[in-house]
Amino acid sequence: VAVCSVVEPLSPRHTMGFYDPKFPVRNAAPGFTDCVYEFRVGDYAAMSTISGGSVLYGWFVGKPLRPQSAAACGAIGGMAAFMYAYQNSYGRLMGYKE
């Protein structure tokens, strides 16, 4: 028995990255250094807040090994904060964010 199904095209709200940017495109294919140079004060503030919050979380949760736990959480939070700022910068350069 053969089953035939009709696949409807996805609406624009169900797709990701295939719509036209709302803002002017400043760099259609930004590299790593372009994105890092595009960091704004708000990105640095978010990075320091996320990193600092992660260190505090590690300190208060890691009862037996507080310094090691704070350092590990700070490293993970720092990487997450950098990725968040990079994502914002990339979106601004590509015209998807203001």
Side-chain angles (χ1 to χ4, degrees):
V1 175
V3 177
C4 181
S5 65
V6 176
V7 178
E8 296 179 19
L10 295 174
S11 66
R13 68 182 187 89
H14 289 106
T15 59
M16 185 171 147
F18 296 111
Y19 55 91
D20 292 331
K22 297 178 184 177
F23 304 101
V25 177
R26 289 188 269 161
N27 189 345
F32 179 79
T33 53
D34 297 331
C35 291
V36 172
Y37 287 148
E38 184 63 25
F39 283 0
R40 292 183 178 171
V41 174
D43 294 329
Y44 287 113
M47 286 172 59
S48 63
T49 303
I50 293 169
S51 299
S54 299
V55 170
L56 289 175
Y57 176 78
W59 182 264
F60 288 119
V61 172
K63 176 77 178 204
L65 302 169
R66 285 191 172 180
Q68 295 86 350
S69 176
C73 286
I76 293 169
M79 286 186 286
F82 179 79
M83 288 187 281
Y84 175 75
Y86 189 90
Q87 172 183 307
N88 286 339
S89 174
Y90 190 85
R92 282 193 299 270
L93 288 171
M94 294 286 289
Y96 292 109
K97 286 185 151 194
E98 201 303 296

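No experiment lies behind these values; they were computed from the predicted model shown. All heavy atoms count here, side chains included; hydrogens, waters and symmetry mates do not.
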Specify the closest pair of heavy atoms between S51 and A81, including all atoms of both residues, with the distance to one decimal.
OG-CB, 3.9 Å
R26 vs E38, salt bridge (charged side-chain N to carboxylate O under 4.0 Å, His left out): CA-CA, chis, key distance, verdict
CA-CA 11 Å; R26 289 188 269 161; E38 184 63 25; 3.0 Å; yes
I need the minimum non-hydrogen distance between I50 and G77, along with the two atoms involved.
CG2-O, 3.6 Å
From Y84, Y86, Y90, residue fulfilling side chain to side chain contact (heavy atoms under 4.5 Å, CB included) relative to N88:
Y84
Is any side-chain heavy atom of W59 closer than 4.5 Å to one of P67?
yes
Report the C-alpha distance between K97 and K22 in whole Å, list the side-chain angles of each, state the deciding distance to 0.1 Å, and finish with yes or no for side-chain contact (heavy atoms from CB on, under 4.5 Å).
CA-CA 8 Å; K97 286 185 151 194; K22 297 178 184 177; over 6 Å; no
Closest non-hydrogen atom pair between G74 and V55, with its separation
CA-CG2, 3.5 Å
OG on S89 to CZ on F32, rounded to 0.5 Å:
10.0 Å
Side-chain contact, heavy-atom cut-off 4.5 Å: R92 with D43?
yes
For M94 versus P30, what's the shortest heavy-atom pair and its separation?
SD-CD, 3.5 Å
Please report the shortest heavy-atom distance between S69 and G58, naming the atom on each side.
OG-O, 2.9 Å
With rounding to the nearest 0.5 angstrom, report the CZ to CG distance, F23 to L93.
13.5 Å
I need the N27 CG to C35 SG distance, nearest 0.5 Å.
8.0 Å
Just wondering, do M47 and F82 contact through their side chains at under 4.5 Å, heavy atoms?
yes
Closest non-hydrogen contact found for P21 with V25 is CG-CG2, 3.6 Å
Y44 and F39: aromatic ring centres closer than 6.0 Å?
yes
